[in-house]
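The structure appears below as structure tokens.
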Amino acid sequence: MSYETILVEQNGGVLEVTLNRPDKFNALTAQVAKEIIAVCKRAARDDSVRCILLTGAGRGFCAGQDLGEVSKRGDDFSFRNHLLTSYNKMVIAMRTLEMPIICAVNGAAAGAGLGLALATDIRYASEKAKFLPAFIGIALAPDTGVSYWLPRLIGPARAAEMLYTNERVSGTEAAEIGLINKVFPHDTFLEEARALAQRLAAGPPKGLAMTKRALNKSLGVTFDEQLDYEAYLQDIAGHSADYKEGVAAFREKRRPVFTGK
Ligand code: LHQ
């Protein structure tokens, strides 16, 4: 598939995906969502892809919904239908893709663009990044999973404050409150994210896939249910060739070479 709104490049086991509408601050459209879903499908089918790195071209990461596109659509535009058919499917494709997705947040992440960043597994940001809900600024409620992730990541009171006041959180504060993993100087954040992506790409794909499944599941079940699920997943990971390789490498005091088998 050829892409119109994103750049896609494979470096070793890492598929680097760059939102590429810099003149629109990489704002989201149904086409962007379609292309991100297509990338997730491609990654799922291709054994050579073991990790995705998502970033943005230009000075912004993603300004959320392209407001120019919405205003063209007229009064009968169904917000619900737009979300159900595009942005919800996009973030579900990312959460259910059984490999790590790292976000290298280069600039502002706003509205549904914040939801896009929060749907990734690990976020490294530039000091120039900022995180803002944006929804209430245009009298909207949160969407694209923002009201799901924010209370879980930063707590319900901090989430309410951020959403009600449309607070702009800097990269540094985002790292302090747990909204992102780490913040770096602008000159190095992408290299740091790339290094992490390469490291994860050399990890055991099945073990990482089962870990992502476990983390997803943990967000909505009881402790007992999670314990059962962990035992189920461990049976899958524990019967992989990579598990045998991991144990052999440990015994032989060498680095394991994981094949995904
Ligand atoms: C944009 C946008 C943008 C188009 C900047 N669209 N061009 C879901 C479903 C359906 C409908 C509605 O919404 C949703 C969910 C949502 O995502 S709602 C939230 C939508 N997003 C916003 O309200 C954010 C609006 N943008 C901003 O607040 C600022 O632009 C941010 C904080 C992102 C960046 O601020 P600055 O660094 O000061 O840059 P800027 O404001 O000068 O923007 C740069 C350019 O990008 C500018 O174009 P121009 O031609 O004047 O240089 C903006 O018009 C354009 N842009 N956001 N969402």
Side-chain angles (χ1 to χ4, degrees), residues 13-15 17 28 33-34 36-47 49-55 62 83-105 109 112-125 131 142-156 158-159 174 177-182 193 196-197 199-240 242-243 246 258 260:
V14 178
L15 204 57
V17 179
L28 291 174
K34 197 172 151 192
I36 291 176
I37 294 166
V39 161
C40 289
K41 286 187 180 155
R42 168 179 163 187
R45 278 196 308 266
D46 183 347
D47 285 347
V49 179
R50 294 185 174 190
C51 181
I52 289 185
L53 177 66
L54 176 67
T55 191
C62 177
L83 289 167
L84 293 181
T85 57
S86 53
Y87 304 160
N88 289 10
K89 286 193 172 163
M90 170 181 75
V91 290
I92 289 170
M94 292 165 68
R95 291 310 313 156
T96 52
L97 178 66
E98 297 206 318
M99 67 181 64
I101 306 181
I102 296 167
C103 192
V105 191
L114 177 60
L116 176 64
L118 298 182
T120 64
D121 297 290
I122 298 177
R123 288 165 289 284
Y124 279 7
F131 300 83
D143 62 33
T144 317
V146 171
S147 64
Y148 181 85
W149 293 115
L150 276 188
R152 285 169 170 79
L153 290 166
I154 63 175
R158 195 69 185 79
I177 64 178
L179 189 57
I180 64 168
N181 296 72
K182 286 182 184 158
L196 176 68
R199 184 175 153 199
L200 297 184
K206 201 156 275 175
L208 289 165
M210 296 307 113
T211 303
K212 185 158 173 176
R213 273 202 215 175
L215 291 172
N216 280 341
K217 188 77 160 188
S218 77
L219 295 163
V221 297
T222 65
F223 183 53
D224 286 2
E225 286 165 334
Q226 185 69 10
L227 287 173
D228 267 353
Y229 195 61
E230 282 183 352
Y232 161 75
L233 295 176
Q234 200 64 296
D235 230 17
I236 301 174
H239 284 98
S240 64
D242 279 344
Y243 165 67
F258 294 120

Do you know which two heavy atoms are closest between [X] and [Y], and how far apart they sit?
| X | Y | result |
| --- | --- | --- |
| Cys40 | Leu97 | O-CD1, 3.3 Å |
| Asp121 | Asn181 | O-OD1, 4.5 Å |
| Gly115 | Val91 | O-CG1, 4.1 Å |
| Ala119 | Met94 | CB-CE, 3.9 Å |
| Pro205 | Phe258 | CD-CB, 4.4 Å |
| Leu15 | Ala43 | CD2-CB, 4.4 Å |

Does [X] have any side chain to side chain contact (heavy atoms under 4.5 Å, CB included) partners at least two apart in sequence or in another chain, and if so, which?
| X | answer |
| --- | --- |
| Arg152 | Tyr148, Leu219 |
| Ala109 | Phe61, Val105, Phe131 |
| Leu153 | Leu118, Arg123, Trp149, Leu179 |

Rounded to the nearest 0.5 Å, what separates atom [atom1] in [X] from atom [atom2] in [Y]?
| X | Y | atom1 | atom2 | value |
| --- | --- | --- | --- | --- |
| Ile180 | Ile122 | CD1 | CD1 | 12.0 Å |
| Thr120 | Ile52 | OG1 | CD1 | 11.0 Å |
| Ile236 | Lys206 | CD1 | NZ | 8.0 Å |
| Leu233 | Asp228 | CG | CG | 11.0 Å |
| Thr144 | Leu83 | OG1 | CG | 5.5 Å |

Tell me, yes or no, whether the heavy-atom count around Tyr229 atom OH, taken from other residues, nucleotides or ligands under 6.0 Å, exceeds 12.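 Atom OH in Tyr229 is packed in, count exceeds 12.
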Counting neighbours of CG on Asp47 that are heavy atoms of other residues, nucleotides or ligands and sit closer than 6.0 Å, is the number greater than 12? no
Is it true that a side-chain atom of [X] and a backbone atom of [Y] form a donor plus acceptor pair closer than 3.5 Å?
| X | Y | result |
| --- | --- | --- |
| Lys212 | Met99 | yes |
| Thr55 | Ala104 | yes |
| Gln226 | Ala214 | yes |
| Asn216 | Thr96 | no |

Name all residues meeting the salt bridge (Lys or Arg N to Asp or Glu O under 4.0 Å) criterion together with [X]; count only those two or more places apart in sequence or in a different chain, and write none if there are none.
| X | result |
| --- | --- |
| Arg213 | Glu98 |
| Asp242 | none |
| Glu225 | none |

Does a side-chain heavy-atom distance below 4.5 Å link Leu208 with Arg50?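 They are not in contact (no side-chain heavy atoms under 4.5 Å apart), so the answer is no.
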Check the pair Ile102 / Val14 against side chain to side chain contact (heavy atoms under 4.5 Å, CB included), numbers first and verdict last. CA-CA 10 Å; Ile102 296 167; Val14 178; over 6 Å; no
